[in-house]
Amino acid sequence: VALLLTYVGVLGAVNQGVLVGQLSRRYTSGRIAIAGAAVLLVSLTALPFSPEIGRTLLPAIGPIGPALVALLLALGLLAVGNGLLNVSLATLVSLGASEEEQGSAFGVTQGAGSLGRTVGPPAMAALYVLARPAPFVVGALLVVPIIAILLGIARRPG
């Protein structure tokens, strides 16, 4: 578990330190947020099924079995999607609020994130007890309206 968390952490750092900077030179924050949310949707959907995906579609890589290869790919996508989405959402909040409102806007954003990190894990743990794929599928379904909102924001002029 520690190695997997380290893997995700390193990917997240590289993502936010390198990838987001490169992408932000070419694309708007709205497009990056949509891409991040879409990647997050795919990764959350794939995570609970990664053993089956690996056994069915992927080869082993040396001593790493196909199920672990699939898990590493899904976790990699999760790290990339999360990094793209979080950084670009912060940028969108900054751009969407006036100088006078930015403190309040970031406060609300941070509060919502804290609430999600407080309520989310126990709620998803309860779902996991009921059915192993459930928290991942519910998480993916929760990303769908976020993508719709981001698409609406990206279509706005200016």
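Positions are given from 1, in the same order as the sequence printed here.
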Shortest non-hydrogen contact from [X] toward [Y]:
X	Y	result
Leu72	Tyr7	O-OH, 2.8 Å
Gly83	Val20	O-CG2, 4.3 Å
Ser29	Ser88	O-CB, 3.4 Å

Measure the [atom1]-[atom2] distance between [X] and [Y] for me, rounded to the nearest 0.5 Å.
X	Y	atom1	atom2	answer
Ile34	Leu84	CD1	CG	12.0 Å
Leu141	Ile146	CG	CD1	11.5 Å
Arg31	Leu151	CZ	CG	10.0 Å
Asn86	Thr91	CG	OG1	10.5 Å
Leu41	Leu142	CG	CG	10.5 Å
Gln102	Leu95	CD	CG	8.5 Å

Flag yes if [X] and [Y] sit in one hydrophobic cluster, no otherwise; membership is Ile, Leu, Val, Met, Phe, Trp, Tyr, and two members link when side-chain heavy atoms are under 4.5 Å apart.
X	Y	answer
Val42	Leu44	no
Tyr128	Leu4	yes
Leu23	Val87	yes
Leu75	Ile61	yes
Leu73	Leu68	yes

With a 4.5 Å limit on heavy-atom distance, are the side chains of [X] and [Y] in contact?
X	Y	answer
Val143	Leu85	no
Leu11	Val80	no
Leu19	Val14	no
Leu78	Leu40	yes

Considering only distance and modelled atom types, tabulate donor-acceptor pairs under 3.5 Å from the side chains of residues 46-60, sequence neighbours left out.
| residue | atom | partner | partner atom | Å |
| --- | --- | --- | --- | --- |
| Ser50 | OG | Leu47 | O | 3.0 |
| Thr56 | OG1 | Glu52 | O | 2.7 |

Between Leu89 and Leu150, is a side-chain contact (heavy atoms from CB on, under 4.5 Å) present by the stated rule, with each step listed? CA-CA 9 Å; Leu89 285 180; Leu150 289 169; 3.9 Å; yes

Those residues at least two apart in sequence (or on a different chain) that pass side chain to side chain donor-acceptor pair (under 3.5 Å) with Glu100 are Ser98

Just by modelled atom types, is the Ala105 backbone N or O under 3.5 Å from a matching donor or acceptor in the Thr109 side chain?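 Yes, the answer is positive, given that a donor and an acceptor are paired below the 3.5 Å cut-off.
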
